[in-house]
Amino acid sequence: MFILGSLDYLRIVLREENLNKNLKNDLFKAISKYVNDIEKIYSLCNKDNDVFENMSLTDLMNHFDRLQNYISHNLDVLPRLDDDDFDESLFY
């Protein structure tokens, strides 16, 4: 659930961003690194969904937390998911 929610958030970020070329490139790199981390974890589980669903995702959650801070505070694209200003209707 966490991973799907984080990927949905990043999908919305990509849809809503209106950054200049350099900042857009930085954002793409940051998102790509996060997605690569998810792929590495899934690969380490030998693509076994039961193992994947039951493993600790603390490091990944911390990575996503830092990514949200970057998107929200540094780039000012979208508030964090836990921010009162986040518009949940963006998910629909």
So which heavy atom on [X] is nearest to which on [Y], and how close?
X	Y	answer
Ser72	Pro79	OG-CA, 3.8 Å
Ile41	Met55	CG2-SD, 3.3 Å
Leu19	Lys24	O-CE, 3.6 Å

Spacing of [atom1] belonging to [X] relative to [atom2] belonging to [Y], to within rounding of 0.5 Å:
X	Y	atom1	atom2	answer
Ile38	Phe64	CD1	CZ	9.0 Å
Cys45	Asn54	SG	CG	9.5 Å
Phe2	Leu57	CZ	CG	7.0 Å
Glu17	Leu27	CD	CG	6.0 Å
Thr58	His63	OG1	NE2	14.5 Å
Tyr34	Tyr9	OH	OH	11.5 Å

- Message: With side-chain contact (heavy atoms from CB on, under 4.5 Å) as the criterion, how do Ile71 and Asp76 come out once you've worked through the C-alpha distance, each side chain's angles and the decisive distance to 0.1 Å?
- Response: CA-CA 6 Å; Ile71 290 166; Asp76 195 29; over 6 Å; no
- Message: Evaluate Leu90 against Arg15 for side-chain contact (heavy atoms from CB on, under 4.5 Å), listing each step before the verdict.
- Response: CA-CA 10 Å; Leu90 292 171; Arg15 183 183 71 210; 3.8 Å; yes
- Could you tell me whether Arg80 and Asp85 have a side-chain N and a carboxylate O separated by less than 4.0 Å? no
- Query: Should the pair Arg11-Asp8 be classified as a salt bridge under the 4.0 Å nitrogen-to-oxygen rule?
  - Reply: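 Result for this pair is yes, salt bridge flagged.
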- Side-chain heavy atoms of Lys40 within contact of Tyr42, under 4.5 Å: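 A side-chain contact is absent here, since even the closest heavy-atom pair is not under 4.5 Å.
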- Message: Hydrophobic cluster membership, with links at side-chain heavy-atom distances under 4.5 Å among I/L/V/M/F/W/Y: are Ile3 and Val51 in one?
- Response: no
- Please name the residue in the list Leu75, Val77, Leu67 that meets the side chain to side chain contact (heavy atoms under 4.5 Å, CB included) test with Val13.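 For Val13, the side chain to side chain contact (heavy atoms under 4.5 Å, CB included) check succeeds only for Val77.
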- Note on the structure: The residue among Asn36, Asp37, Ile31, Val35 that forms side chain to side chain contact (heavy atoms under 4.5 Å, CB included) with Lys33 is Asp37
